[in-house]
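First the proteins, then the strands, lettered A, B, ... as listed; each starts at 1. All values derive from a computational prediction rather than experimental measurement.
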2 protein chains.
Amino acid sequence: MVTTSTEPVLHGSPYSADCPTRRILDRIGDRWTVLIVGALWDGSARFSDLRRRIEGISQKMLTQTLRGLERDGLVHRTVHPEVPVRVEYTLTEAGRTLREPLRALQEWSIAHLGDVAASQEAYDQANQLPPGSTDRDK
Amino acid sequence: MVTTSTEPVLHGSPYSADCPTRRILDRIGDRWTVLIVGALWDGSARFSDLRRRIEGISQKMLTQTLRGLERDGLVHRTVHPEVPVRVEYTLTEAGRTLREPLRALQEWSIAHLGDVAASQEAYDQANQLPPGSTDRDK
DNA sequence: CAGTATCCGCCGAGATACTG
DNA sequence: CAGTATCTCGGCGGATACTG
């Protein structure tokens with residue numbers, strides 16, 4: 001790891017490896033990261049709070065994603081050595097700055113998802129259920 | 001998501017299924033979508049232009065992702081029935097509105113990726129290569 | 001409570017070959 | 001040139017069992 005060095009993950013060709021948008025999506029593009037940021041949007045929460053708030057998430061993925069965010073310096077983890085252990089998660093300063101761009105995306109989503117759904121329906125009707133659909137939809 | 005069937009994938013509980021941020025990430029969170037939007041940022045391009053600009057992408061993924069964007073109404077496809085066929089891709093009006101939030105993310109990325117990398121290094125040194133790393137990094 | 005450790009299925013994505 | 005059609009593999013993410 002560490003890998004500020006040598007290999008940029010690619011096999012031989014530089015496909016916009018310098019593109020920071022790409023880097024950030026590698027980071028938050030997964031299934032759960034932004035949901036966790038959302039759950040920590042306005043305050044801290046403990047592990048089981050998060051499990052309950054996000055609810056579809058497994059312990060494994062919650063732990064794993066939180067570790068990633070902690071490693072990235074976006075989430076802070078505090079262990080309270082009480083009788084049943086208590087662990088608090090909070091957005092760091094850097095993590096809080098992520099909320100603005102995320103909010104922008106969210107607003108785009110709210111504003112346009114209706115149109116997108118309509119467009120999809122029209123498209124599917126025009127070419128009735130083509131075989132190649134990646135089921136990005138539904 | 002939601003898989004082919006009626007069931008919303010969840011066993012009984014709604015894990016922020018109404019969260020539009022989630023919906024939008026299902027859409028642009030994949031490997032290539034935003035790179036294509038980036039390649040169409042300030043104008044149209046033909047299929048092979050896109051292949052060359054993005055370069056790491058396979059024909060399959062380029063076609064597939066373009067189809068998705070077209071279906072979503074974010075990209076317009078124009079076929080010029082010339083001798084060797086020529087196909088132009090352009091962002092639609094809706095697609096162009098996506099550039100702003102994407103730009104916001106990109107700027108966040110530029111501003112913070114350095115800190116993130118540093119945080120990762122520190123984290124990895126503190127717990128030297130823990131077994132659970134999802135290799136989100138690199 | 002807040003995790004770790006395993007096993008496994010699914011599908012995103014690449015490689016390759018063929019077509020209008 | 002601009003695609004389609006298959007085969008295949010890696011690894012993300014779920015399920016389950018165990019622990020400090």
Side-chain angles (χ1 to χ4, degrees), chain A residues 9-13 15 22 25-33 35-36 44-52 54-68 70 75 77-89 127 130-138, chain B residues 1-5 7 9-13 15 22 25-33 35-36 44-52 54-68 70 75 77-89 127 130-138:
Chain A
V9 138
L10 41 92
H11 312 88
S13 45
Y15 54 94
R22 176 61 185 291
L25 279 166
D26 279 347
R27 213 142 278 295
I28 67 164
D30 65 78
R31 197 177 186 72
W32 301 112
T33 296
L35 284 186
I36 291 181
S44 64
R46 14 195 325 194
F47 190 83
S48 22
D49 289 338
L50 292 173
R51 277 202 75 181
R52 243 169 286 114
I54 304 181
E55 214 165 343
I57 199 170
S58 60
Q59 322 87 308
K60 178 189 158 188
M61 290 317 295
L62 181 52
T63 302
Q64 191 172 298
T65 311
L66 280 170
R67 287 289 179 278
E70 190 193 355
V75 155
R77 177 172 179 267
T78 317
V79 182
H80 301 270
E82 304 174 353
V83 180
V85 199
R86 193 163 59 96
V87 181
E88 295 266 3
Y89 290 93
N127 355 276
S133 27
T134 331
D135 94 292
R136 302 162 48 79
D137 53 317
K138 239 333 181 41
Chain B
M1 228 9 63
V2 165
T3 59
T4 35
S5 66
E7 321 277 5
V9 136
L10 42 92
H11 312 88
S13 41
Y15 57 95
R22 176 62 185 288
L25 279 166
D26 278 348
R27 213 142 278 295
I28 67 163
D30 64 78
R31 195 175 187 73
W32 301 110
T33 297
L35 284 187
I36 291 180
S44 64
R46 12 195 326 194
F47 190 82
S48 21
D49 289 338
L50 292 174
R51 277 202 76 181
R52 243 169 286 115
I54 305 181
E55 209 164 349
I57 199 169
S58 60
Q59 323 88 309
K60 178 189 157 190
M61 290 318 295
L62 181 52
T63 302
Q64 191 172 299
T65 311
L66 281 170
R67 286 289 178 278
E70 190 192 356
V75 155
R77 178 172 179 268
T78 317
V79 183
H80 300 270
E82 304 174 353
V83 179
V85 199
R86 194 163 58 94
V87 181
E88 295 267 2
Y89 291 92
N127 353 275
S133 29
T134 331
D135 93 294
R136 301 164 46 81
D137 53 318
K138 247 295 175 72

Asker: Does D:dT4 have its OP1 or OP2 closer than 4.0 Å to a side-chain nitrogen or oxygen of B:Arg67?
Answerer: yes
Asker: Any side-chain N or O of A:Arg86 less than 4.0 Å from the OP1 or OP2 oxygen of C:dA2?
Answerer: no
Asker: For the side chain of A:Phe47, starting at C-beta, report the closest nucleotide among C:dG20, D:dG13, C:dA2.
Answerer: C:dA2
Asker: Over how many whole Å does the gap from A:Arg51 atom CZ to C:dC1 atom P extend?
Answerer: 10 Å
Asker: Are any non-hydrogen side-chain atoms of A:Arg77 and A:Arg67 less than 4.5 angstrom apart?
Answerer: yes
Asker: Between B:Gln64 (CD) and D:dT4 (P), how many Å, whole number?
Answerer: 10 Å
Asker: Give a yes/no on whether any side-chain N or O of A:Tyr89 is located under 4.0 angstrom from OP1 or OP2 of C:dG3.
Answerer: yes
Asker: Could you tell me the separation between the CD atom of A:Glu88 and the P atom of C:dG3, rounded to a whole number of Å?
Answerer: 11 Å
Asker: B:Arg31 side chain: which of C:dA13, C:dT4, D:dT4 is closest?
Answerer: C:dA13
Asker: What's the CD-C1' distance between A:Glu82 and C:dA2, to the nearest Å?
Answerer: 13 Å
Asker: In whole angstrom, give the distance that lies between atom CE of A:Met61 and atom P of C:dT4.
Answerer: 13 Å
Asker: Let me know the distance between CG of B:Leu66 and P of D:dC1, rounded to the nearest Å.
Answerer: 16 Å
Asker: Which residue, B:Pro84 or A:Gly29, contacts DNA chain D at a nucleotide closer to its 5' end, judged by nearest heavy atom?
Answerer: B:Pro84
Asker: NA contact type, B:Arg77, heavy-atom cut-off 4.0 Å: base, sugar-phosphate, or nothing?
Answerer: sugar-phosphate
Asker: Quick one: is C:dA15 close enough that its OP1 or OP2 comes under 4.0 Å of any side-chain N or O from B:Ser58?
Answerer: no
Asker: Within a strict 4.5 Å, meaning less than it, do heavy atoms of the A:His80 and A:Val87 side chains meet?
Answerer: no
Asker: Determine whether a donor-acceptor pair (N or O, by modelled atom type, separation under 3.5 Å) exists between the side chain of B:Ser48 and the backbone of B:Arg51.
Answerer: no
Asker: Of all the choices, D:dC1, C:dT4, C:dA2, which nucleotide is nearest to the side chain of A:Thr63 once you look at every atom?
Answerer: C:dT4
Asker: Please examine the side chains of A:Leu66 and A:Leu50, heavy atoms only from C-beta on, and report whether any two atoms are closer than 4.5 Å.
Answerer: yes
Asker: Do NZ/NE/NH1/NH2 and the carboxylate oxygens of A:Arg46 and A:Asp49 come within less than 4.0 Å?
Answerer: no
Asker: Send over the distance from B:Leu62 CG to D:dC1 P, rounded to a whole Å.
Answerer: 14 Å
Asker: Nearest nucleotide by nearest heavy atom, which residue falls closer to the 5' end of DNA chain D, A:Lys60 or A:Val85?
Answerer: A:Lys60
Asker: Given C:dA17, C:dC1, D:dA17, which nucleotide is nearest the side-chain atoms of A:Gln59?
Answerer: D:dA17
Asker: Of all the nucleotides listed (C:dA2, C:dG14, D:dA2), which has the minimum atom distance to the side chain of A:Val87?
Answerer: C:dA2
Asker: Over how many whole Å does the gap from A:Asp26 atom CG to D:dC12 atom P extend?
Answerer: 11 Å
